[in-house]
Amino acid sequence: MKDSKKKNKATKILTTTSLNDLVQIQKWWEKPPEEDNDKSDEEEETKKWKHMEHNGVLFAAEYEPHHVKIKYKGEPIDLTPEQEEVATFWGTVIGSDFAKREIAIKNFAKEFRKVLPEKYKNADFKDFDFTPIREYLDKKKEKMKNKTPEEKKADKEKRQKLMDYYGWALVDGSCEKMANFLVEPPGLFRGRGEQPNTGTIKKRIYAEDITLNIGEDEPVPVCTQPGHSWGEIVSNNEGTWLAYYKVRKNTKYVFLNSSSKFKGMSDYKKYEKARKLKNCIEKIREDYNKKLVDKNMENRQLGVATYLIDRFALRVGNEKDLDDEADTVGCCTLRVEHIKFPENSPNTITFDFLAKDSMRYLNTVKVEPIVYENLKRFVKGKNPGDELFDLVKAQKLNDYLKSLMDGLSAKVFRTYNASFVLQQQLNKKNFKIDDDINEKINYYNSANKDVAVMCNHQRTVPKNYEAKSEQMQKDLQEHQKYLAELKDYVKNFKSNKNKYKDSKNEFVKKVFPSSKEKAQILLKNLEEKVKKKSLKLKDRESNKQVALGTSKLNYMDPRITVSWCKKNEVNIEKLFSKSTRDKFPWAMYTGPDYHF
DNA sequence: CCCGCACAGTCCGTTTTGGGACA
DNA sequence: CTGTCCCAAAACGGACTGTGCGG
């Protein structure tokens, strides 16, 4: 058979060759991709690869019935494996915040009823008791936890084997890590915010649902799902995806990891584009400022919308399908109800709306008088639910931006603003080489924080945050007290010798050594410790609702960070984790003089 | 008294998968 | 609209840290 021949070839290349031999880093950044000023190259641009092979995707394991019975009005009921699987979906979430949400309950109850035997079709969902399944799952989890080290090691090796087999793709001569290869397992859909589909079922995906993308003459990956075969095999080298399938309306792609050439190059281009914007930002601001006083209302709205995107790093705001998606907005979809004009504060507006991921954007800001006047005018005579920019859609705004700069779109402003702010903040302070490393890191983090706040990157405060904070506060105070005592002890060593005794309270073991030298060493260490604790506490508090990672990974030009680290002799590992460094190989060689 | 070690709880990096932009 | 890719927070899980105990 033709296919089995191909199969062998795939196995041969990707599994018999040592990964170390295959991973040849292509240093594409040594010859950075040019802006395509040469039109004849455009066709080449759309072809992303010549050769691509991989081992396909891995499916979630088949459902294994556990035969634990849920109860209906206190009585255990028999379920088929199919019904039991659905019941188990709920079993895994009961007790969580998710399972308490009204939409989740409503949607799941409907799904559950669909698969139940006829006699329960009109049953009240509240009469079902899933706790037996929950208890079973908890026990299972406990068992997993209590595995012997040998068993755990075996599990790990098994996972690693799968990773070695599925986790890599061969693209144009280099072996690249994949971002994902496991097909999303069946379960409950967890929408964010008031997502209308929260709690509905994500069906099991079969090989027939998968479309694979491989090179024209490459071997077809082995389908490891018994009794099934791939839906479609294509060779589309205008895309960078390796496979896709649909979960309801959403297309799920299998892509390469962010360390790959595909991702790295487009990241590089993204930041170069943002730098290009930096070079013509004055001209662009001039242009949209002119629009603010244009006679044409559409142009005015265009001007104001662009102003908001530039000044406040708003997203563009495409239109959404509210039947399937949560009611969240961006700039062009802002409604009258999302903006307030606080009394007695001239030229001040308050934004309050749900943005991407249903994250609340609440911000009171000063704007130019002409912007203020315009906004007042846009809301006049409209209902709260009416669109603020009724004459401007995302498409139109981006068309306008394109006319100002080649390749400009709304999101470029976010990248530009984030990188610009980081660079500015870092420039503000000059460290001496031997300044405290923790202070340097802290300073960088606070610059990072400014960016995150601007981009509205939030995180939920951890459940035990307050309690932990209080404890840390007390701990710090005790250490400070001890520090003062120890200082005094050292300073008046002889006379104080009997005044202080070693002691231990809840937080700190106080030691007063009998020799002055020992006390001095201790003092020095303690000073370090107190400083560190104090910094950490401050950092923790000011970052409690801010997520620094998103801007670090997606918005701030990594070369700014690398350059700053070199200039200030800070190890990059202090600021970029392993995977972050792997994501930005092209930025790691940046010198200390780089400027965004 | 001090040191090493096990254990638990927390922290933090990584993975997952849902949301959004834009051609 | 669809197709593709970038962005996003939450879930997850392993590493770290600090603590208490025994030798």
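Each chain gets a letter, A, B and so on, in the order its sequence line appears, and its residues count up from 1.
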Helical stems, DNA chain B - three or more consecutive Watson-Crick or G-U wobble pairs below 3.5 Å: B:2-23 with C:2-23
Using heavy-atom distances to pick each residue's nearest nucleotide on DNA chain B, tell me which of A:T580 and A:E184 is more 5'. A:T580
Of the listed nucleotides C:dA8, B:dC22, B:dT14, the one nearest the side chain of A:S579: B:dT14
Does OP1 or OP2 of B:dC22 have a side-chain N or O of A:S409 closer than 4.0 Å? yes
Between A:K263 and A:F255, is NZ or CZ placed under 6.0 angstrom from the six-membered ring centre and within 45° of the ring axis? yes
So does A:K48 get a side-chain nitrogen or oxygen closer than 4.0 Å to the phosphate oxygens (OP1/OP2) of C:dT4? no
So do the side chains of A:K249 and A:D321 get within less than 4.5 Å of each other, counting heavy atoms only? yes
In terms of ring plane angle, is the pair A:Y361 and A:F351 parallel, tilted or perpendicular, where the classes change at 30° and 60°? perpendicular
A:T460 vs C:dA9: side-chain N/O to OP1/OP2 distance below 4.0 Å: no
Of the nucleotides C:dT4, B:dC22, C:dC5, which has the atom closest to the A:K263 side chain? C:dC5
How is A:R248 classified with respect to the nucleic acid when contacts are heavy atoms under 4.0 Å: base, sugar-phosphate, or nothing? nothing
Has A:R190 got its NZ or CZ under 6.0 Å from the middle of the six-membered ring of A:F98, at an angle within 45 degrees of the ring axis? yes
Would you indicate which nucleotide in C:dA8, B:dT10, C:dA11 comes nearest to any side-chain atom of A:R190? C:dA11
Which of B:dT14, C:dA9, C:dA8 is nearest the side chain of A:K578? It is B:dT14
Which atoms of nucleotides 14-17 of chain C (N or O only) lie under 3.5 Å from a protein N or O atom, and what are those distances?
| from | atom 1 | to | atom 2 | distance (Å) |
| --- | --- | --- | --- | --- |
| C:dG14 | OP1 | A:R159 | NH2 | 3.3 |

Side-chain N or O of A:Y244 closer than 4.0 Å to phosphate OP1/OP2 of C:dC5: no
Any side-chain N or O of A:S577 below 4.0 angstrom from OP1/OP2 of B:dT14? yes
Within the structure shown, what part of the strands sits under 4.0 Å from A:S358 by heavy-atom distance: base, sugar-phosphate, or nothing? nothing
Should the pair A:W586 and A:W28 be assigned to parallel (<30°), tilted (30 to 60°) or perpendicular (>60°) ring geometry? tilted
Assign A:A410 to base, sugar-phosphate, or nothing according to its heavy-atom contacts below 4.0 angstrom with the strands shown. sugar-phosphate
Does A:E194, at its CD atom, have more than 12 non-hydrogen atoms belonging to other residues, nucleotides or ligands within less than 6.0 Å? no
Nearest to the A:K252 side chain among C:dT4, B:dG19, B:dT17, which nucleotide is it? B:dT17
Is the distance from OP1 or OP2 of C:dT4 to the nearest side-chain N or O of A:Y253 less than 4.0 Å? yes
Looking across every strand, which nucleic acid part, if any, lies under 4.0 Å from A:F255 by heavy atom: base, sugar-phosphate, or nothing? base
Respond yes when some side-chain nitrogen or oxygen of A:N318 is under 4.0 Å from OP1 or OP2 of B:dA21, and no when none is. yes
Using a heavy-atom cut-off of under 4.0 Å over every strand shown, decide if A:G191 touches base, sugar-phosphate, or nothing. sugar-phosphate
Taking only side-chain nitrogens and oxygens of A:R459, does any of them come within less than 4.0 Å of OP1 or OP2 of C:dA8? no
Side chain of A:D357: nearest nucleotide among B:dT10, B:dG19, C:dC5? B:dG19
Scan A:Q395 against the nucleic acid and name what it touches under 4.0 Å (heavy atoms): base, sugar-phosphate only, or nothing. nothing
Report yes if a side-chain nitrogen or oxygen of A:R192 is closer than 4.0 Å to either non-bridging phosphate oxygen (OP1 or OP2) of C:dC7; otherwise report no. no
salt_bridge(A:R335, A:D327) N-O dist < 4.0 Å: yes
Residue mapping more 5' on DNA chain C - nearest nucleotide basis, A:T240 or A:C455: A:T240
Would you say a side-chain N or O of A:S266 is under 4.0 Å from OP1 or OP2 of C:dC6? yes
With a 4.0 Å cut-off on heavy atoms, is A:K402 in touch with a base, just the backbone sugar-phosphate, or nothing at all? sugar-phosphate
C:dC6 base / A:K411 side chain donor-acceptor hit below 3.5 Å: no
With a 4.0 Å cut-off on heavy atoms, is A:N236 in touch with a base, just the backbone sugar-phosphate, or nothing at all? sugar-phosphate
May I ask you to say what A:G317 touches in the nucleic acid, namely base, sugar-phosphate or nothing, with a heavy-atom cut-off under 4.0 Å? sugar-phosphate
For A:Q195, which contact category applies under a 4.0 Å heavy-atom criterion: base, sugar-phosphate, or nothing? sugar-phosphate
Are A:H457 and A:Y555 an aromatic pair by the rule of ring centers under 6.0 Å? yes
When you measure from the side-chain N and O atoms of A:N398 to the phosphate of B:dC22, is any distance below 4.0 Å, counting only OP1 and OP2? yes
Looking only at B:dC11, B:dT17, B:dG20, the nucleotide nearest the A:K202 side chain is B:dT17
What I'd like to find out is whether the side chain of A:K411 reaches to under 4.5 Å of the side chain of A:R315, using heavy atoms alone. no
Are A:F576 and A:F584, when compared by the centres of their aromatic rings, separated by less than 6.0 Å? yes
Do the side chain of A:N398 and the main chain of A:A410 share a donor and acceptor less than 3.5 angstrom apart? yes
